[in-house]
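Contents: one structure, followed by commentary.
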Amino acid sequence: MEGLRILKTEAKEDKYEELMELAKRRGFFWQSFEIYGGVSGFYDLGPLGTLMKRSIIDLWLKYFVLRHMDLVTIIETPVINPAKVFKASGHLESFTDPIVRCEKCGGIFRADKLIEEKLKIRAEGKKPEELTQIIKENDLRCPSCGGPLGEVRTFNLLFKTTIGPYEGNTGYLRPETAQGMFISFKRVHTVMRNRLPLGIAQIGRVARNEISPRQGMIRLREFTIAEMEFFFDPEKPGQPPFERISGGIKSKLNILRAEDRLEGVEKPSQYTIEEAIEEGIVVSPWMAYWMAVSRDFVKELGLSEEETFFEEKLPEERAHYATQTFDQLVKVSRWGWVEVSGHAYRGDYDLSRHQKYSGQDLTVFRRYEKPIKKKLKKVRINKAIIGRELGSDAVKVIGALRAMSPEEVEKLLETPEEFIEVEGRRIPKDAVKVVVQEEVVHGEKVIPHVVEPSFGVERLVFVALDKAYTKEGDRVVLRLPPRIAPIKVVVFPLVTNDEEIVRIAREIYERFLEAGIAALYDTSGAIGRRYYRADEIGVPYAITIDHRSKEDHTVTIRYRDTREQIRISISDVISWVTEKVR
RNA sequence: GCGGCGGUCGUCUAGCCUGGUCUAGGACGCCGGCCUUCCAAGCCGGAGGUCCCGGGUUCAAAUCCCGGCCGCCGCACCA
């Protein structure tokens, strides 16, 4: 991670402290359980943070679901899952890290990694006791101080609970929403009239028992994920609707490839989506497509194209289910590049595993373009003849004949005799025939492949705030894009000792509320102070009612970012703002 | 988990080293009133503090000691 460290120092201006102070003071977010001293890895969203998060989720829905209603649908599934689910998904196995602690310096190490590195033997998947023994037998020491190592113990990142009053009935909180989509895939696929390709989206809370979460809102133990499992036929994936993304298939993605990273390259290169697909940089056209959608989506949060890129993960960095993974990184002031979304090619891993563990058929039917005619040999048994000849033994003999393949029966029939012998009984040759039959096959069963774009929503909130936070001298302005601003508009009477001005202001404010626009009404202090207050929480538009409003029924609209003002008829104000923030 | 630094009204902070003068001071913000002025910080008044938590030392603890929690930085960890 040498690269990351270098990039980290690049981010000079550290507005983190100021931003966190603002977030707390004005009510975007703060650490949870404050009155009990706080618990790391948990954050409350305040009034403004909650509204902002909802706006971001709406925007995500617009990009990933509503704009793709012909391809994508959305569901909600439980946070608590029975143990079976994560046995099947591999999380119970792979989400558990064996760790060992140095008794001298207290350093913590992945036990299996340590053994593999030092002894060059495979240690993955071994039990903690076995690992402890290997360490003892080979006298492995602490790699940083040389001290003795303790017992190997496991650490599982899944939160455990009990379902109902039965102790043995273990449940876990989901670490991703994905399993819900896999488990309900068949049902949704049916509901969607067997559509394929088919995206199933879900926005929901997940929990990961991180060892030591830091970095505030960036690494949480409980957070919201917005993700989609996009299912398609690997042989006939279909054509993604590239015309729906900004710039189409010729538009560019910033990608840092794994092979380049291994050679020490730290800067991403630009590839057109077409190139990325044709040159196999991204293994699936659909994966490239959703990466492009993600690029467009993140841009709407206020980040420029230079401030986001896709980093391909190295094999050892990938999750157990993925064959190719890209992280979408975004530049923030304090930590440099931060992951906001993951793009994994999950293949048929999840559906295959659930098919195996549940015993249910999770395949879809791939219809051939033209039905295929197949010539098949079949055994024809004349039960009447056998019945007449053998009486009560007939059932046994017929059963035996059925169990034989056509080829075996053909062999029996090769005898020169007039009869054949089955189960010790003779039956006439003409009771059994092998015929060649033509059958029409319309298709076959296949397990779809899956690509998954997955966003951490709280990170998006933080990243957007971090980007939006700017200062003009001492003046703080949150330059949030209007669509994700928690408060869309604020209404000010220029003065409060003029009844008519106040009345008009009040009336306009009421109309905003009626229209469902998040609006504020502020009369406290001088007008300049009120503008400042609004700028600080990112309200993009301020409506001021002044003396002229009484005469010509116009008001001013002030733009947050430029402080410019335009005059507009009162009758147009609501629709003007609505248009801008939708 | 380890090491370093830190935790005082809503926010930022003074005080801590050198225990008592702290009934914990200030600024901003907030609330009420005055003023009415288009880019915050005019006037008057007010509310607001478990000095992170627990224990110890002491006649006396925001202040010293121990343990814990939380935050930041570094190391480790981050399917």
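Only a predicted model underlies this, so the values are computations on that prediction, with no experimental measurement involved. So you know, we letter chains A, B, ... as the sequences are listed, proteins then strands, and number each from 1.
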Using the C1' atom as the reference point in each nucleotide, state the distance between B/C69 and B/C52 in Å, no decimals.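 Result for the C1' pair: 8 Å, nearest Å.
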
Given the C1' atoms of B/C22 and B/A61, what is the spacing between them in whole Å?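 Looking at atom C1' only, B/C22 and B/A61 are 12 Å apart.
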
To the nearest angstrom, how far is [X] atom [atom1] from [N] atom [atom2]?
X	N	atom1	atom2	answer
A/D327	B/C78	CG	P	14 Å
A/I35	B/G49	CD1	C1'	16 Å
A/L19	B/C72	CG	P	13 Å

Set out, in order, the CA-CA distance, both residues' side-chain angles and the distance that settles salt bridge (charged side-chain N to carboxylate O under 4.0 Å, His left out) for A/R530 and A/D522, then state yes or no. CA-CA 7 Å; A/R530 286 180 264 163; A/D522 192 355; 5.2 Å; no

Throw together a table of side-chain donor-acceptor distances under 3.5 angstrom for residues 37-47 of chain A, partners on residues two or more places apart or in other chains.
unit_1, atom_1, unit_2, atom_2, d
A/D44, OD1, A/S32, OG, 2.6
A/D44, OD2, A/W30, NE1, 3.1

I'd like to compare against my own output: the B/S/- annotation of nucleotides 34-44 of chain B with a strict under-4.0 Å heavy-atom distance to protein. --B-BBBS---

Could you list all the salt bridge (charged side-chain N to carboxylate O under 4.0 Å, His left out) pairs where at least one residue sits in residues 344-357 of chain A, not counting sequence neighbours?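 For residues 344-357 of chain A, and leaving out neighbouring residues, the salt bridge (charged side-chain N to carboxylate O under 4.0 Å, His left out) pairs sorted by first residue read A/E176-A/R346, A/R346-A/D350, A/R346-A/E452.
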
Partners of [X] by side chain to side chain contact (heavy atoms under 4.5 Å, CB included), sequence neighbours excluded?
X	result
A/R548	A/D546, A/D552, A/T554, A/R567
A/A319	A/Y321
A/I163	A/I80, A/P82, A/N169
A/A526	none

Taking salt bridge (charged side-chain N to carboxylate O under 4.0 Å, His left out) as the definition, give me every residue that meets it alongside A/R558, ordered by chain and number, with sequence neighbours left out.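 Scan of A/R558 (salt bridge (charged side-chain N to carboxylate O under 4.0 Å, His left out), adjacent residues dropped) gives A/D535.
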
Not counting sequence neighbours, list each pair that qualifies as a ring pair (Phe, Tyr, Trp, His ring centres under 6.0 Å) and has a residue in residues 201-228 of chain A.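 Of all non-adjacent pairs touching residues 201-228 of chain A, none passes ring pair (Phe, Tyr, Trp, His ring centres under 6.0 Å).
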
Could you list the residues that satisfy side-chain hydrogen bond (donor to acceptor under 3.5 Å, both in side chains) with A/Q133, not counting sequence neighbours?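 Here the qualifying residues are A/E137.
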
Which atoms of nucleotides 11-13 of chain B (N or O only) lie under 3.5 Å from a protein N or O atom, and what are those distances?
unit_1, atom_1, unit_2, atom_2, d
B/U11, O2', A/E21, OE2, 2.6

List every contact pair, protein side and nucleotides 68-71 of chain B side both N or O, where the distance is under 3.5 Å.
unit_1, atom_1, unit_2, atom_2, d
B/C70, O4', A/G37, O, 3.2
B/C70, O3', A/Q31, NE2, 2.8
B/C70, O2', A/Q31, OE1, 3.3
B/G71, OP1, A/Q31, NE2, 3.0

